Amino acid sequence: MKKYFLGALIIALTFACNSNEETAQQIIDKAIENAGGENYKKAEISFDFRKGSYSSSRKGGKFELERILADSTGTQYRDVVKNEGFTRYYKDTAVQLSDSMKNVYANSVNSVHYFVQLPFGLNDAAVNKELIGKDTINDKEYYEIKVTFNAEGGGTDHEDVYMYWINTQNYHIDYLAYSFEVNEGGLRFRKAYNPRTIEGIRFVDYENYKTDDLDTPLNELDDLYEARQLELLSKIENRNIEVNLLN
């Protein structure tokens, strides 16, 4: 009888502890809320990145992502991604493109806006989230969240896999890593820096690191970063950020 009672007590305590642990979805929800929350859904955001000028607007489920970029001859193009699809404009005239090139350009525009507005996009319908566990980086504790994408709705790069390190205290994404398949594949690890909040939305820049060992698991890249065994590839800096919140 005592053994039965003790066993039941252990099971009850284990269940109680597990029920108090946050799920991947709850962690992501808090990360989005702490970074901007509902402001993302009614914001016009503009910024400069590398040689391009970018802008986005969201309202009532409708979105428009834009990039203005000049080619090697100085000719300026405007790339626009909407709910309905992608269009490239030259002097306000739509350019005829193959479906494959539309996908390439649309993915390029999407990618820049995606990183700038993280973690907002992590609640898209095609996103799958998994809590891997907890880890420490530079003596701070983080949730490790693995993100994959469904083929349907996940875009042309739906096979990419991401790992996010989310601070257990403030729910900020301080580090992220991802594997990608295009251009023979690769691994990247990013450290967020220069955080600033504009009209209630948090923005960061990134130090962008790489490793040539493509067999390295994503959740081990933070250890390599701490051991200074990653190569700094570039800095991802977004300039002249402006935000206008729509009513």
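This chain uses plain numbering: 1 for the first residue, then up along the sequence. These numbers come from a predicted model, not from an experiment.
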Pick out which of Ser55, Ser108, Ser56, Ser53 makes a side-chain hydrogen bond (donor to acceptor under 3.5 Å, both in side chains) with Arg67.
Ser108
Lys41, NZ: over 12 other non-hydrogen atoms inside 6.0 angstrom
no
More than 12 heavy atoms of other residues, nucleotides or ligands under 6.0 Å from CZ of Arg228: yes or no?
no
With a 4.0 Å cut-off on N to O distance, would you call Glu144 and Lys134 a salt bridge?
no
Got a donor-acceptor contact below 3.5 angstrom from the Asn83 side chain to the Gly61 backbone?
yes
Backbone N/O of Tyr171 and side chain of Asn167: donor-acceptor pair under 3.5 Å
no
Strictly distance-based, threshold 3.5 Å: is any side-chain N or O of Asp174 a donor or acceptor partner for the main-chain N or O of Ile166?
no
Measure the shortest side-chain to side-chain distance between Tyr142 and Ile137 over non-hydrogen atoms and say whether it is less than 4.5 angstrom.
yes
Test item: Val81 and Phe86 side chains (from C-beta on) under 4.5 Å apart, heavy atoms:
yes
Does the side chain of Asp29 reach to within under 4.5 Å of the side chain of Leu122, using non-hydrogen atoms?
no
Member of Phe115, Phe189, Tyr164, Tyr114 meeting the ring pair (Phe, Tyr, Trp, His ring centres under 6.0 Å) criterion with Tyr178
Phe115
Salt-bridge criterion met for Lys191 and Asp222 (N-O under 4.0 Å):
no
Just by distance, do the side chain of Arg50 and the backbone of Glu237 share a donor-acceptor pair under 3.5 Å?
no
With distance as the sole test, does Ser98 use its side chain to make a donor-acceptor pair with the main-chain N or O of Met101 at under 3.5 Å?
yes
Does the cation-pi check pass for Lys235 over Tyr193, that is, NZ or CZ under 6.0 Å from the six-membered ring centre and within 45° of its axis?
yes
Heavy-atom nearest pair, Ala43 first then Ile201, reads CB-CD1, 3.9 Å
With the threshold set at 4.0 Å, does a side-chain nitrogen-carboxylate oxygen contact exist between Lys30 and Glu22?
yes
Using the rule side-chain contact (heavy atoms from CB on, under 4.5 Å), only one of Glu199, Glu38, Glu44 pairs with Leu245; which is it?
Glu199
Is it the case that the side chain of His172 and the backbone of Arg202 share a donor-acceptor pair, with hydrogens and angles ignored and the cut-off at 3.5 Å?
no
May I ask you to test the Leu118-Val116 pair for a side-chain heavy-atom distance under 4.5 Å?
no
Gln26 backbone acceptor or donor facing Thr23 side chain under 3.5 Å
yes
With rounding to the nearest 0.5 Å, note down the distance linking CD1 in Ile45 to CZ in Phe203.
4.0 Å
Would you say the side-chain atoms of Asp71 pair up with the backbone N or O of Thr73, donor to acceptor, closer than 3.5 Å?
yes
Just by distance, do the side chain of Glu242 and the backbone of Phe47 share a donor-acceptor pair under 3.5 Å?
no
Roughly how far apart are Glu84 CD and Glu64 CD, rounded to 0.5 Å?
9.5 Å
